[in-house]
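Since the structure comes first, as structure tokens, the remarks are kept for the end.
Atoms within each ligand, like the ligands themselves, are counted from 1 in listed order. This one's a predicted model, so the numbers in the text were calculated from it and none came from an experiment.
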Amino acid sequence: MPESDFPLQDVSRGPVRADFWQLRTRRLEFGRRPLLMGVLNVTPDSFSDGGKFLEPQAAVDHAWRLAAEGADILDIGGESTRPYAQPISADEELRRVMPVLEALAGRLSIPISIDTYKAAVAREALRAGAEILNDITALRGDPAMLPLAVETGAAVCLMHMQGTPQTMQDNPHYADVVGEVYDFLRVRRDAALAAGIQPERIAVDPGIGFGKQLEHNLALLQNAWRLHGLACPVLVGPSRKRFIGQVLGDLEADRRWGTIGAALALARQGVQILRVHDVALVRQALVVFESAGGMDGPIGPPTAV
Ligand code: HH2
């Protein structure tokens with residue numbers, strides 16, 4: 001993609017990189033090492049942990065475990081968005097997530113993010129104390145979502161997806177995946193700004209696995225640093241995803257170790273937040289990687305080191 005599409009980029013100085021994310025009531029400051037968003041799926045059918053935390057007490061226990069392991073954010077989701085997952089009603093999603101949110105909000109010290117594209121769910125979650133709207137549709141899925149974010153001052157994560165979970169893996173196609181994802185996120189960022197969301201509350205996410213083939217996922221992972229050109233925190237969710245099995249030529253492989261590989265590559269590129277299931281493992285890898293000099297040198301493509 002042409003460098004002129006990245007007016008804020010200057011690889012010689014390192015690209016512009018957001019150094020904090022303003023949440024609804026507090027601020028997350030970024031250092032060199034990425035912060036970790038721990039995943040809590042209160043679903044029967046999530047692709048890697050479906051059914052493990054459907055019972056509210058199991059979910060609450062897992063949330064405390066993730067926080068103790070060093071999660072910086074807890075992301076609670078009540079509907080699986082894996083390929084071909086069946087959508088559920090807002091009422092069902094609320095039945096799953098609200099008991100968990102209510103048991104945690106005000107007690108857990110880390111901020112809570114709600115992984116939903118439904119404004120009815122987001123509204124109740126924010127009322128219970130959530131700070132972040134993590135919307136896989138980048139606020140396109142429900143017309144009430146943008147105004148809700150403006151009204152409440154919630155932080156938002158805008159994620160790229162081609163199609164919907166029901167269609168996204170039916171032959172996804174791009175001429176220039178990095179450029180197209182960049183442009184999509186720029187347009188969604190600008191729509192959020194025009195609606196009145198403050199710039200410091202917006203994060204962007206290339207949506208690993210959402211309407212992408214292996215080559216698309218790898219191009220996005222290798223070029224995640226370019227998203228700093230949007231001047232928003234960059235969040236990436238590689239955790240346990242199918243591309244790891246594809247790279248290994250073994251879809252049954254334990255993908256936790258491959259997740260660590262992706263996390264280190266993203267850390268090198270200055271990605272500010274990683275959404276992961278295995279907080280303790282990834283955190284250990286990142287801490288040692290940084291101590292051993294893995295984060296030294298300018299942010300950018302591997303050749304800039
Ligand atoms: N990935 C998943 C769900 N939500 N949100 C963001 N911002 N980025 C991601 O990459 C992302 C996300 C899918 O992972 P998981 O929650 O483990 O699975 P499922 O959707 O099956 O519950």
Of all protein heavy atoms, the one nearest atom 8 (N) of ligand 1 is D205 OD2, 2.6 Å
Contact check, N41 vs ligand 1, heavy-atom distance below 4.0 Å: yes
Q. Is there a donor-acceptor pair closer than 3.5 Å between any side-chain N or O of H228 and the backbone N or O of Q269?
A. yes
Q.
Check this for me: does any side-chain nitrogen of one of R96 and E93 sit under 4.0 Å from a carboxylate oxygen of the other?
A. no
Within 4.0 Å of some non-hydrogen atom of G237, the atoms of ligand 1 are 10 (O)
(Q) Check this for me: does any side-chain nitrogen of one of E69 and R65 sit under 4.0 Å from a carboxylate oxygen of the other? (A) no
Near S46 (heavy-atom distance under 4.0 Å), the atoms of ligand 1 are 19 (P), 21 (O), 22 (O)
Quiz item: Is ligand 1 less than 4.0 angstrom away from at least one heavy atom of H277?
Solution: yes
Worksheet item: When the ring planes of H62 and F53 are compared, do they come out parallel, tilted or perpendicular, using 30° and 60° as the limits?
Response: parallel
Of all protein heavy atoms, the one nearest atom 2 (C) of ligand 1 is R275 NH1, 3.3 Å
| request: Evaluate side chain to side chain donor-acceptor pair (under 3.5 Å) for E79 paired with T116, printing each intermediate quantity in order. | output: CA-CA 8 Å; E79 176 178 324; T116 189; over 6 Å; no
heavy-atom search around atom 9 (C) of ligand 1 in the protein gives K241 NZ, 3.6 Å
Counting heavy atoms under 4.0 Å, the part of M159 that contacts ligand 1 is side chain
key: Salt bridge flag under 4.0 Å for residues R275 and D115   = yes
Atoms of ligand 1 under 4.0 Å from any heavy atom of T81, numbered from 1 in the order shown, are 3 (C), 19 (P), 20 (O), 21 (O)
Item to complete: Give a yes or no answer on whether the side chain of E290 reaches the backbone of G294 with a donor-acceptor pair at less than 3.5 Å.
Response: no
**Asked** Less than 3.5 Å between some nitrogen or oxygen of G207 and one of ligand 1, yes or no?
**Response** no
Short version for D115: what comes under 4.0 Å of ligand 1, heavy atoms counted, is side chain
If we number the atoms of ligand 1 from 1 as shown, the ones under 4.0 Å from a heavy atom of N134 are 5 (N), 6 (C), 7 (N)
Residue, atom and distance of the protein heavy atom nearest atom 21 (O) of ligand 1 read S80 OG, 2.7 Å
